[in-house]
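Remarks on the structure that follows.
Numbering of residues begins at 1 and proceeds along the displayed sequence.
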Amino acid sequence: MARLTLLLPALSRFAGQALPDALGRALACANRSRREAGEVAQLMRHLRPLPARWPQAALTRLLDAGEDDARAAQWLRADPAHIRPDINGARLLGIGRNLGIEQTDVDALLPALRPLFGDAGFVLDAPHPQRWYLRLPRGSAVPEFASPDAALGDDVFQHRAEGPDARRWRVLESEVQIALHNHPHNAARLEHGRVAINALWFWGGGVLPDSLASTAVTVFSDDPVVQGAALLGTLACMPLADVQPSTANALVDLRHQRDVGRLLQEWLLPACAEDAQFDFADGTLFTLTRGQRWRFWRRPLTRLTA
């Protein structure tokens with residue numbers, strides 16, 4: 001592994017951004033390769049669970065409730081969400097982490113929702129206000145649900161689960177929406193200028209992997225899924241704000257950084273002087289080593305393109 005690995009958004013996010021000269025020269029000399037695209041593939045290149053699966057709910061459950069609890073069942077995230085109808089359907093406009101969910105919301109809404117899932121043989125709980133879970137029996141058949149990052153802002157019907165088990169979950173979704181629509185706590189949220197919690201978003205199902213391997217020693221990330229994965233692999237894990245330039249064998253999670261200009265100036269440019277790897281979410285990898293500077297005949301890059 002490179003001394004420093006940066007997990008980055010897709011190259012398309014950098015379209016039109018001029019590269020600093022030093023970065024353009026370094027990237028022109030670097031080894032460029034292609035790997036599988038997508039969030040899960042990107043993460044699993046560096047955090048390798050065994051068996052090879054990426055069950056987000058089980059990984060965050062490990063973070064929120066400890067290993068004994070996380071290994072006791074199969075898990076599915078059931079995060080509080082806000083869906084707004086519009087002329088073309090209904091859009092997912094918010095989910096736990098960006099709805100300002102507090103413990104008072106959990107205390108008010110969970111008792112009304114638990115019986116709906118109890119009748120189906122599932123247990124709903126919320127060890128963290130923004131992260132709600134369904135505890136399922138091991139081996140439960142669960143369809144593939146879209147992650148919130150994939151669906152946020154979109155028409156929810158474009159991301160509905162399909163397959164033989166999906167109908168049961170659509171019925172549960174409808175029952176949940178009815179219960180939340182009629183709940184007085186949502187009226188109180190609206191009175192205080194907050195949007196209603198009018199749905200649960202199911203995603204990230206699976207059981208906790210047996211173990212996790214990585215060539216990284218330290219992980220810097222604000223993503224609870226990545227933090228849970230680091231915990232499974234007994235890796236040091238710290239918030240992104242705690243990154244130290246001298247940290248060896250570090251994996252730095254920058255996938256959710258919005259300011260592309262700052263990414264170039266504050267992260268990629270300093271890192272290009274090191275042995276580093278830039279892993280973009282579309283599967284493009286640049287591997288940089290200090291010996292590559294002798295490739296002086298290569299024309300510097302002025303833009304990042306796929």
Side-chain angles (χ1 to χ4, degrees), residues 1-14 17 23 33 35-49 52-64 77 79 95-98 128 130-131 147-150 152 203-204 208-209 212-272 274-288 304:
M1 175 181 171
R3 193 187 69 79
L4 180 67
T5 297
L6 305 184
L7 298 181
L8 297 159
L11 279 177
S12 58
R13 288 275 301 279
F14 295 83
Q17 288 283 331
L23 179 59
S33 59
R35 303 288 178 86
E36 185 179 352
E39 176 186 32
V40 172
Q42 182 185 30
L43 290 169
M44 288 182 64
R45 282 194 278 276
H46 309 282
L47 302 167
R48 301 183 298 278
R53 56 177 182 261
W54 193 255
Q56 295 100 321
L59 292 170
T60 57
R61 186 75 187 194
L62 173 64
L63 181 70
D64 290 335
R77 288 279 289 271
D79 290 343
I95 198 157
R97 63 178 180 268
N98 53 24
H128 188 286
Q130 297 175 3
R131 297 190 285 274
S147 74
D149 288 338
L152 201 62
W203 68 287
L208 190 68
L212 183 139
S214 178
T215 53
V217 173
T218 307
V219 177
F220 295 93
S221 178
D222 297 329
D223 184 340
V225 177
V226 174
Q227 292 170 354
L231 183 59
L232 179 64
T234 64
L235 309 174
C237 188
M238 288 175 272
L240 194 55
D242 291 347
V243 173
Q244 298 296 323
S246 60
T247 304
N249 295 336
L251 182 66
V252 182
D253 181 10
L254 301 167
R255 294 169 299 131
H256 302 297
Q257 299 300 298
R258 303 281 183 192
D259 190 330
V260 173
R262 289 188 63 187
L263 275 176
L264 291 174
Q265 291 290 339
E266 297 181 13
W267 292 100
L268 276 70
L269 182 58
C272 77
E274 308 288 344
D275 288 348
Q277 185 175 76
F278 301 163
D279 187 335
F280 294 86
D282 64 347
T284 302
L285 273 74
F286 288 90
T287 301
L288 300 89
L304 282 171

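Nearest heavy-atom pair, P9 versus F14, reported as atom, atom and distance to 0.1 Å: O-CE1, 4.0 Å. L59 and A229 make their closest contact through CD2-CA, 4.0 Å (heavy atoms, listed as atom of the first residue, atom of the second, distance). Nearest heavy atom pair, residue D79 against residue W203, reads OD2-NE1, 3.0 Å. In plain terms, the two heavy atoms of L63 and G228 that are nearest each other are CB-CA, 4.2 Å. Nearest heavy-atom pair across P209 and R53 is CA-NH2, 3.7 Å. The shortest heavy-atom contact between L23 and L264 is CD2-CD2, 3.8 Å.
To the nearest 0.5 Å, the span separating CZ on R258 from CZ on R13 amounts to 6.0 Å. A distance of 12.0 Å separates CE of M44 from NE2 of H46, quoted to the nearest 0.5 Å. For the atom pair E266 CD and Q257 CD, the distance stands at 9.5 Å (nearest 0.5 Å). Annotation: the span from C237 atom SG to L232 atom CG amounts to 12.0 Å, rounded to 0.5 Å.
Between T218 and M238 the shortest side-chain heavy-atom distance falls below 4.5 Å. Using a 4.5 Å heavy-atom cutoff, the side chains of R255 and L43 are in contact. By the 4.5 Å heavy-atom criterion applied to side chains, F278 and L304 are not counted as neighbours. Counting only heavy atoms from C-beta outward, the side chains of D222 and H256 never approach each other to under 4.5 Å. Proximity of L268 to L8: side-chain heavy atoms (C-beta onward) are separated by under 4.5 Å at one or more points.
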Practice prompt. Please report the C-alpha distance between L240 and L254 in whole Å, then the side-chain angles of each, then the deciding distance to 0.1 Å, and finally whether the side chain to side chain contact (heavy atoms under 4.5 Å, CB included) criterion is met.
Written response: CA-CA 8 Å; L240 194 55; L254 301 167; 3.9 Å; yes
Item to complete: Could you go through the side chain to side chain contact (heavy atoms under 4.5 Å, CB included) check for V219 and D253 one step at a time?
Response: CA-CA 8 Å; V219 177; D253 181 10; 5.7 Å; no
Worksheet item: Are V243 and W267 close enough, and set up right, to give a side chain to side chain contact (heavy atoms under 4.5 Å, CB included), and what steps lead you there?
Response: CA-CA 11 Å; V243 173; W267 292 100; 3.9 Å; yes
Discussion item. Before you tell me yes or no, could you show the steps for L152 and N98 under side chain to side chain contact (heavy atoms under 4.5 Å, CB included), namely the whole-Å CA-CA distance, both residues' side-chain angles and the distance that decides it to 0.1 Å?
Written reply: CA-CA 11 Å; L152 201 62; N98 53 24; 3.8 Å; yes
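Looking at D149 and R97, a side-chain N of the basic residue comes within less than 4.0 Å of a carboxylate O on the acidic one, giving a salt bridge.
No donor-acceptor pair under 3.5 Å is formed between the side chain of N249 and the backbone N or O of V217. At distances below 3.5 Å, not a single donor-acceptor pair connects side-chain atoms of T60 with backbone N or O atoms of V225.
Partners of L285 by side chain to side chain contact (heavy atoms under 4.5 Å, CB included), not counting sequence neighbours, listed by chain and number: S33, R35, R45, Q277, D279.
When each of L47, T234, T5 is tested with S214 by the rule side chain to side chain contact (heavy atoms under 4.5 Å, CB included), just one qualifies, namely L47.
Surrounding CD of E36 are at most 12 heavy atoms belonging to other residues, nucleotides or ligands under 6.0 Å away.
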